[in-house]
There are 2 protein chains.
Amino acid sequence: MYELFFQKLNEKILFSEEEQTIIKGYLTTKKIRRKQYLLQEGDVCKTLAFVEKGALKEYTVDEKGAEHILQFALEGWIISDLYSFMTGEPATYNIEAIEDSEVVLITKSAQEEIFKKVPKYESYSRMQITGAYLAMQKRVNSLISLSLEERYLYFTSLYPTIVQRVPQHMIASYLGLTPETVSRIRKKLAAK
Amino acid sequence: MYELFFQKLNEKILFSEEEQTIIKGYLTTKKIRRKQYLLQEGDVCKTLAFVEKGALKEYTVDEKGAEHILQFALEGWIISDLYSFMTGEPATYNIEAIEDSEVVLITKSAQEEIFKKVPKYESYSRMQITGAYLAMQKRVNSLISLSLEERYLYFTSLYPTIVQRVPQHMIASYLGLTPETVSRIRKKLAAK
DNA sequence: TCCTTTTCTTGATTTTGGTCAATGTTTTTT
DNA sequence: AAAAAACATTGACCAAAATCAAGAAAAGGA
């Protein structure tokens, strides 16, 4: 059940069997069915969720009821309303399963205990968030500097798996476009 | 010369005099005149730069010569091409002073040494990058979900000081808009 | 202070992408 | 297997924002 979690962990820094056992003691797992919430806006986000299996999305809903997808998470990704997790304030984002999924959960206090007992884990955590920051930065850059067509191509080249598994209108939402526009971009690209 | 740097450091976690002396030993400073580069695309980004005084911008230039601003940094902010800094690959961004500035520089090896000798500094570093991630996430959200007018208002409410000190066309670039559009948004808002 | 450069504004025009609506297709649920 | 829901495509139209161009204002440098 925790295979992928520990595989990813050891990819960046090697952890001993002992360290891994300590860490494992603080983890729990959860299954979420398609269309079920892992987190709802307004609730406090109590955990980080590492995706062992499945696919989830994190999004806001505006006054007009339109959904804006901030993040997808497939196997091996971490998803959470990080601000709510860190501060204990109510969440501003929703997290929902796109496919039946399995996640590994880490609470705030669990994370703090792990930091104390396995200091290397804080280094891992720092590298993890640094990677997430860099990805977010690239996304901002694509949003402010690329044409819509380039933006779509950039996304598909970066995340081909997401394109395969996620409905097109969600990709449109992630890119800040309407479904119609994405459909037209695809048509135009296919013509080439 | 390092006043603000240590002030910010102690805001999040308290460091002893001893620890601060160790850290100080790894820092250097640099003055940059307005319009001078701290980093040019293609060069390797050797340092993180903490802004003690002044204002800088980080940006890309596209094929048409248009500038896209990824980040501003005023006093107390850190600026760097983080990917280049982490990996040693050539930088994809430029960093330039908007005003005459003074920065505190930390090289990669200096950072690693500080992590070893002052472990708390890695916690600080993790919190620092987490904050940067959250800010970037909010910016993505504003880019995909707000109208241009809302985006402008969001920016000005979040960073009133930047609005005061930085030319309007740079703010347009940061927001992914043309200078003309920002001018018209301002006109419209003033009419209210 | 004067000159130069940078910055901001405004108008006219064009392009882009959103909205609305209808239809067909695929997927999910019962 | 049938019904329902979700998804994708297409066309017509409209609104929003970019582009182009000119001129005014402000700031920086000599």
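Chain letters run A, B, ... following the sequence lines, proteins first and then strands; every chain starts at 1. Predicted, not measured: the structure shown is a model, and the values here were computed from it.
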Short question: side chain of Lys117(A), backbone of Ile22(A) - any donor-acceptor pair under 3.5 Å? no
In terms of ring plane angle, is the pair Phe115(A) and Tyr121(A) parallel, tilted or perpendicular, where the classes change at 30° and 60°? tilted
Could you tell me the separation between the CD atom of Glu67(B) and the P atom of dT6(C), rounded to a whole number of Å? 12 Å
Considering just the side-chain nitrogens and oxygens of Gln168(B), establish if one lies under 4.0 Å of OP1 or OP2 belonging to dT9(C). yes
Ile98(B) has an atom CD1; how far is it from atom C1' of dT7(C), in whole Å? 14 Å
More than 12 heavy atoms of other residues, nucleotides or ligands under 6.0 Å from OH of Tyr83(A): yes or no? no
Counted 5' to 3', the first and last nucleotides of DNA chain D within 4.0 Å (strictly under) of a heavy-atom of chain A are dA6(D) to dA12(D)
Rounded distance (Å) that lies between atom C1' of dT19(C) and atom NZ of Lys64(A): 11 Å
DNA chain D-proximal residues of residues 30-41 of chain B, any heavy atom under 4.0 Å: Arg34(B)
Is it the case that atom NZ in Lys30(A) sees more than 12 heavy atoms from other parts of the structure closer than 6.0 Å? no
Ignoring hydrogens and geometry, is there a side-chain-to-backbone donor-acceptor pair from Glu122(A) to Pro119(A) under 3.5 Å? no
Indicate yes or no for a side-chain donor-acceptor contact from Ser84(A) to the backbone of Asp81(A) under 3.5 Å, with no hydrogens or angles considered. no
Whole-Å gap separating C1' (dG17(C)) and CG (Leu148(B)): 12 Å
Specify the separation, in whole Å, of atom CD of Gln164(A) and atom C1' of dT26(C). 18 Å
Asp62(A) CG - dG18(C) P separation (whole Å): 14 Å
Whole-Å gap separating P (dT19(C)) and CG (Leu177(A)): 11 Å
Indicate, with yes or no, if the rings of Phe155(B) and Tyr152(B) have centres closer together than 6.0 Å. no
Has Arg139(A) got its NZ or CZ under 6.0 Å from the middle of the six-membered ring of Tyr154(A), at an angle within 45 degrees of the ring axis? no
Got more than 12 heavy atoms from elsewhere within 6.0 Å of NZ, Lys8(A)? no
Between Val166(B) and Arg184(B), which has a closest nucleotide on DNA chain C that is more 5'? Val166(B)
Atom pair distance, as rounded to whole Å: CD1 in Ile185(B) and P in dT10(C): 14 Å
